[in-house]
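Presented below is the structure to which this report refers.
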2 protein chains.
Amino acid sequence: MQNLTEQAITAADKTFFQLRKDIVEGVVLAGSKLSETELSTKYGVSRAVIREAINRLEACHIVERKANVGARVVSLSPEGLVDLYQVRESLEGMAARLAAQNMSDDEIADLNALLNVHSQDVKNHGSYYQEAGDVDFHYRIILGSKNNHLIAMLVNGIYHLVRMYRVQLGMSGPRVSTAFDEHKHIVQAISNRDGELAEMLMRRHILYSKNNIQRKLAPEQM
Amino acid sequence: MQNLTEQAITAADKTFFQLRKDIVEGVVLAGSKLSETELSTKYGVSRAVIREAINRLEACHIVERKANVGARVVSLSPEGLVDLYQVRESLEGMAARLAAQNMSDDEIADLNALLNVHSQDVKNHGSYYQEAGDVDFHYRIILGSKNNHLIAMLVNGIYHLVRMYRVQLGMSGPRVSTAFDEHKHIVQAISNRDGELAEMLMRRHILYSKNNIQRKLAPEQM
DNA sequence: CTTTGCTATATTGTCGACAACATTAGGTTG
DNA sequence: CAACCTAATGTTGTCGACAATATAGCAAAG
């Protein structure tokens with residue numbers, strides 16, 4: 001897929017990645033309690049590494065812990081979605097601004113090439129795009145900001161929660177071609193080194209995306 | 001001081017708070033290695049709670065860990081300062097926008113009252129302001145956003161790092177009266193429920209603040 | 001004298017056991 | 001019968017010991 005390769009060295013790493021995956025993909029249900037002993041047997045490691053994994057998950061707001069009581073997976077809610085996307089709008093907007101300022105010409109050329117590939121994919125299949133392509137696009141701009149703080153917050157923190165909402169609410173459908181146009185305009189602004197516009201367009205893009213998910217969410221129960 | 005009262009229940013909490021304080025205030029030097037056994041004897045707790053404290057500090061970007069090697073306190077650098085303040089500009093700008101939209105009339109009245117107190121303090125002593133008052137002001141707007149994600153990121157994450165830079169670079173000096181005017185304008189925008197302007201002004205305010213610190217930083221060695 | 005490989009040491013990672021705390025079930029009293 | 005207190009149970013928090021890994025120092029070969 002893309003270069004999002006975080007490699008696990010220690011057992012706590014592996015358990016953290018696995019548990020995060022299971023939560024994001026709904027194998028471990030949102031809102032459910034995380035029993036340390038139970039997970040310990042399930043993943044075949046000691047309670048210590050389970051505790052470390054849970055602590056890391058707490059740091060990215062995927063689980064909530066109460067002292068002497070335990071940890072629960074966060075519950076998905078419309079309010080939580082709004083909060084999350086507001087933060088995302090703010091941070092990725094800044095990322096786009098900084099990318100326009102800090103990406104190399106080569107990186108921008110690569111980004112344009114990526115868009116062309118996506119353009120073909122949209123015309124042909126019309127499907128593949130949303131999951132992999134969208135993530136890839138945003139990921140490149142985030143890295144293009146060259147701001148390590150920002151990168152860490154988005155890649156390690158926000159993005160897995162975003163994916164959790166998307167996966168568990170069954171996002172995959174349309175908004176493909178319109179989103180593609182928005183991506184295109186953002187890259188144009190970056191190519192012109194217009195950080196101000198790039199930020200604005202990215203913020204709008206994420207706002208629309210939020211509205212789209214909310215619209216799908218409204219009629220259903222949560 | 002203010003209502004930033006995080007209460008420690010478990011031993012890991014206490015150790016985390018104490019260690020964070022020691023790092024932020026420079027008792028534990030920036031860039032230094034954190035030996036688990038050493039800290040274990042120093043704080044009189046087992047290595048397990050030290051490890052948990054270090055993990056939490058890693059989550060707020062105050063220390064960096066490498067597998068099988070250990071943890072180091074982050075080094076303060078001009079680049080790190082810029083990265084940090086860009087993130088802060090982005091998030092607190094959004095906080096101001098949301099505060100204009102979500103604070104109650106009473107809360108806004110309180111905020112105005114706070115500014116009046118500060119106005120007096122600036123006229124009389126001219127000192128007290130910067131540390132406590134500034135933090136208090138920003139803190140209220142962050143809470144006023146009513147966005148729990150944003151609040152958590154800023155209060156638990158960003159702010160201690162900001163304080164670390166300020167304390168260890170000996171910030172306390174001037175920029176009092178000009179900063180006060182900026183605060184005043186921000187509150188006016190919030191009072192008018194003008195989120196767009198509030199965000200803009202907050203971002204400028206933080207940008208100026210960064211430039212001010214950088215100016216003080218430039219001639220010295222780091 | 002430099003470089004390479006090994007050994008010794010120290011540090012981190014992992015584990016199982018014990019202690020402290022919260023919760024629930026049951027009994028007693030008003 | 002209701003409310004409160006108490007005891008039993010299960011979970012989390014903390015600890016010390018062991019295993020695995022990295023680092024530094026030393027020895028030997030080129």
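Excluded from the calculations below are hydrogen atoms, water molecules and symmetry mates; all remaining heavy atoms, backbone and side chain alike, are included.
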Should B:T10 be listed as having a side-chain N or O under 4.0 Å from OP1 or OP2 of D:dT12? no
Salt bridge B:R47-B:E38, side-chain N to carboxylate O under 4.0 Å: no
To the nearest Å, give me how far apart CD1 (A:I9) and P (D:dT21) are. 11 Å
Testing A:H183, A:R88, A:E182, A:H138 one by one against A:M202 for a side chain to side chain contact (heavy atoms under 4.5 Å, CB included), which residue passes? A:H138
Can we say B:R203 and A:E199 salt-bridge, meaning some charged N sits less than 4.0 Å from an Asp/Glu carboxylate O? yes
Has B:R47 got a side-chain N or O lying under 4.0 Å from the OP1 or OP2 atom of C:dT12? no
Under 4.0 angstrom, heavy atoms only, what part of the nucleic acid is B:L34 near: base, sugar-phosphate, or nothing? sugar-phosphate
Rounded to whole angstroms, how far apart are CG on B:N68 and C1' on C:dA10? 13 Å
Nucleotide D:dT14, atom P - distance to CD of B:E52 in whole Å: 7 Å
State whether B:K146 and B:E107 are salt-bridged, where the test is any N-O pair (Lys NZ or Arg NE/NH1/NH2 against Asp/Glu carboxylate O) under 4.0 Å. yes
Whole-Å distance, A:I54 CD1 to D:dT12 P, equals 7 Å
How many Å lie between NZ on A:K33 and P on D:dT11, as a whole number? 8 Å
Quick note, A:V49 side chain, CB onward, closest among C:dT14, D:dT14, D:dT12 is C:dT14
Atom CD1 of B:I50 and atom P of C:dT11: how far apart are they, to the nearest Å? 14 Å
Out of B:R56, B:R20, B:K21, which residue meets the salt bridge (charged side-chain N to carboxylate O under 4.0 Å, His left out) rule with B:E6? B:R20
Without decimals, in angstroms, what is the distance between B:R72 CZ and D:dT23 P? 11 Å
Counting only side-chain N and O atoms of A:S46, is one of them less than 4.0 Å from OP1 or OP2 of C:dT14? no
What's A:A11 touching, base or sugar-phosphate or nothing? Going by heavy atoms closer than 4.0 Å. sugar-phosphate
Relative to the 5' end of DNA chain D, which residue comes earlier, A:T37 or B:A67, by the nucleotide with the nearest heavy atom? A:T37
5' precedence on DNA chain C between B:E36 and B:A48 (nearest-nucleotide basis): B:E36
Short side-chain N/O contact to C:dG13 OP1/OP2 from B:R51, under 4.0 Å: yes
I need the OH-C1' distance between B:Y43 and D:dC15, as an integer number of Å. 20 Å
